[in-house]
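Since the model is a prediction, treat every value here as computed from it, not as a measurement. Letters go in sequence order (proteins before strands), and every chain restarts at 1.
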Amino acid sequence: MFAIVDCNNFYASCERLFQPKLEHQPIVVLSNNDGCVIARSNEAKALGIKMGAPAFEIQTLLEQHQVAVFSSNYALYGDISHRVMQVLGRFTPAIEIYSIDEAFLDVAQLAFTDLETYASTMRTTVLQQVGIPTTIGIAASKTLAKAANRYAKKACKTTGVFVMDTEAKRQEVLEALPVEDVWGIGRKYQVWLDAHNIKTAWQLSNTNLAWIQKKMGVVGLRLVKELQGIACYDLEEQPAAKQGIMTSRSFGNLISEKKLLQEAIATHATRCAEKLRKQHSCCALLQVFIHTNAYRKQDAQYHGVLSIPIPTATDSTSELIQLAMSALDHIYKPGFLYKKAGVYVSEIVPRSQVQLSLFSSKDRGKEQQLLEAMDKINTLMGRDKVRYAAAGISRKWKLRQEKKSPCYTTNVNELLRIKN
DNA sequence: TCTGGGGTCCTAGGACCC
DNA sequence: TCTGGGGTCCTAGGACCC
């Protein structure tokens, strides 16, 4: 049996945690640049605010209902997520952190435990010790656990737990689940399934396997088997190293100046190098892109992209910055209004397996020490406390984040103030 | 005026090997 | 007159997830 623990309206709940007066009030959290809605409290959902809605389109609605609006604060959400996962980890070591707000647990070992009580205790503990409400679904496969979780959100609001431990319950849950809400069914498959009159998860779980495999490949085959209660996916406790790492941002304002693009690209390259070092990897391919705002039909459009192979895989900030700068030289065209820039690194190998070059005169050990020292300082004293000058100091290209809450739990200067 | 930022896995087809 | 039977690696693109 698998359990999935899902934090309810996670980002909205994190904001509410430090502003209890927002209990029972509608809350939305906006994407980077305050662009569109990426999280909603139940009250905001009830107002009909859709996931992904551009903020400017629903401006009046937000004001009318006095919705509390927040810019996203990933330092806060990341820290709260970590706390939730730690509490869950005390219940069982068999935990897979699936996303910032979800974890799968393997509860098969708990054959003699009452799973309902077990899950209920976990929920209460997380709520008490971290303050985040959760919902828990338990079933024979990950896909069914997801379905059980969804069911619990609607049908078991007070307990927040649903254990799918009989065939009757499986049928009950799957019959109530629209096929497009099945984990692994996206818009394309929904359209195709609908055309074949498959509207519910129950119907999907009873289709012919060969027929499904023809259209949806082995992925579809596994999906249907999982719905039938045959687990095809195991718990993955050790997260695998990333095979590609992307850092990109939209700009707060449109940019045409090359210098600002250079600063942004250098910053993104810095971030990619940090992420590489964090997972003890090096990359052998670097890609840089810049593009204009495709929504602005009146503007001339341009999308520049260039990949540079790196002879000896690296995790060096300076090396990635240099390569990224030369890539930018090739793709930059003056006269365009740029909206977004990014750096992507791939062909990732473990640092211990990097093939060195016979002809390189570089002292890699020495540079490694420098990078370690930089990482240490920045971890201790705050991001970018020491950084390469190429990343600039003006930050004119920065995001718009007008409604960001304080980093209550990660910055000593922004602690919650109880009384002035 | 204003529209996010990351990731994964799988498949088909081409080029090549013996 | 007749033209095998296995493989691998790579890439682009499509589907999905949060």
Side-chain angles (χ1 to χ4, degrees), chain A residues 4-7 9-11 28-39 50-60 62 69-74 77-78 81 96-104 142-143 146 149-150 179-193 212-223 226 232-233 236 239-254 264 268 271-272 275 279 285 287 289 291-299 305 307 309 337 339-348 398-404:
Chain A
I4 182 150
V5 183
D6 187 311
C7 299
N9 314 326
F10 184 54
Y11 297 169
V28 299
V29 178
L30 302 180
S31 63
N32 273 331
N33 246 347
D34 296 346
C36 45
V37 173
I38 55 166
K50 296 271 179 287
M51 189 72 168
F56 71 92
E57 278 182 12
I58 56 166
Q59 193 59 44
T60 351
L62 294 176
V69 179
F70 292 92
S71 304
S72 31
N73 182 347
Y74 288 104
Y77 312 148
S81 167
E96 171 188 346
I97 298 170
Y98 177 66
S99 74
I100 195 164
D101 71 332
E102 287 169 276
F104 283 107
K142 284 180 163 182
T143 308
K146 278 279 216 180
N149 190 295
R150 210 165 232 284
V179 77
E180 65 268 28
D181 292 340
V182 172
W183 191 43
I185 300 295
R187 288 173 66 169
K188 299 281 173 150
Y189 287 144
Q190 182 203 344
V191 170
W192 177 73
L193 289 167
I212 279 290
Q213 187 172 6
K214 226 176 197 168
K215 177 70 184 180
M216 295 176 63
V218 300
V219 178
L221 189 64
R222 287 182 198 141
L223 194 156
E226 283 246 320
C232 300
Y233 299 103
E236 286 171 32
K242 306 242 177 293
Q243 298 170 36
I245 292 173
M246 165 88 90
T247 307
S248 73
R249 290 291 180 275
S250 300
F251 302 124
N253 298 302
L254 296 173
H268 297 331
R271 221 59 80 210
C272 281
K275 293 178 187 174
Q279 64 166 33
L285 189 69
Q287 186 172 305
F289 71 83
H291 64 75
T292 49
N293 187 348
Y295 287 106
R296 287 171 58 99
K297 303 289 181 211
Q298 69 271 32
D299 289 354
V305 52
S307 298
L337 292 170
K339 176 62 180 168
K340 185 171 175 176
V343 174
Y344 180 69
V345 292
S346 55
E347 304 210 348
I348 287 173
K398 279 288 269 189
L399 295 171
R400 215 178 5 255
Q401 283 190 313
E402 284 165 7
K403 290 157 179 157
K404 199 172 131 193

Please give, in whole Å, the distance from [N] [atom2] to [X] [atom1]?
X	N	atom1	atom2	result
A:Lys340	B:dG5	NZ	C1'	6 Å
A:Lys142	B:dT8	NZ	P	15 Å
A:Phe251	B:dG4	CZ	P	14 Å
A:Leu221	B:dC9	CG	P	18 Å
A:Lys297	B:dC2	NZ	P	13 Å
A:Arg400	B:dT1	CZ	P	13 Å
A:Gln59	B:dC2	CD	C1'	9 Å
A:Asn33	B:dC2	CG	C1'	9 Å

Pairing residues for [X] by the side chain to side chain donor-acceptor pair (under 3.5 Å) criterion, not counting sequence neighbours:
X	result
A:Asn9	A:Asn42, A:Lys45
A:Glu102	A:Ser99, A:Lys146
A:Tyr98	A:Trp183
A:Asn32	none

Non-neighbouring partners of [X] that pass salt bridge (Lys or Arg N to Asp or Glu O under 4.0 Å), sequence neighbours left out:
X	result
A:Asp6	A:Lys153
A:Arg296	A:Asp299
A:Arg249	none

Starting the side chain at C-beta, find the nucleotide from [options] nearest to [X].
X	options	answer
A:Lys242	B:dT8, B:dT1, B:dG6	B:dT8
A:Ile245	B:dC9, B:dG7, B:dC2	B:dG7
A:Gln243	B:dC9, B:dG7, B:dC2	B:dC9
A:Val218	B:dG4, B:dG6, B:dC10	B:dC10
A:Arg222	B:dG5, B:dC2, B:dC10	B:dC10
A:Lys275	B:dT3, B:dG7, B:dG4	B:dG7

For each nucleotide in nucleotides 11-18 of chain C, reading 5' to 3', give B when a protein heavy atom comes within less than 4.0 Å of its base, S when such contact involves only the sugar-phosphate, and - otherwise. ----SSSS

Stem list for DNA chain C, please, built from Watson-Crick and G-U wobble pairs under 3.5 Å and keeping only runs of at least 3. B:5-18 with C:5-18

Of A:Arg249 and A:Glu57, whose nearest nucleotide on DNA chain B comes first from the 5' end?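 Nearest-nucleotide comparison on DNA chain B picks A:Glu57.
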
With nearest nucleotide decided by heavy atoms, which residue, A:Val219 or A:Ile38, maps closer to the 5′ end of DNA chain B?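 So the residue in question is A:Ile38.
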
Using a cut-off of 4.0 Å on non-hydrogen atoms, how would the nucleic acid contact of [X] be classed: base, sugar-phosphate, or nothing?
X	answer
A:Asp34	nothing
A:Arg296	sugar-phosphate
A:Gly244	sugar-phosphate

Does the structure place the NZ or CZ of A:Lys340 under 6.0 Å from the centre of the six-membered ring of A:Phe251, at an angle of no more than 45° from the ring's axis? no

Could you check whether A:Ser307 and A:Gln287, counting side-chain N and O atoms only, form a donor-acceptor pair closer than 3.5 Å?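 Per modelled atom types, A:Gln287 and A:Ser307 side chains form a pair under 3.5 Å.
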
So A:Tyr77 and A:Tyr74, would you call those rings parallel, tilted or perpendicular, with 30° and 60° as cut-offs?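 Perpendicular: the ring planes of A:Tyr77 and A:Tyr74 meet at over 60°.
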
Hey, is the side chain of A:Thr247 poking within less than 4.0 Å of OP1 or OP2 on B:dG5, counting only N and O atoms? no

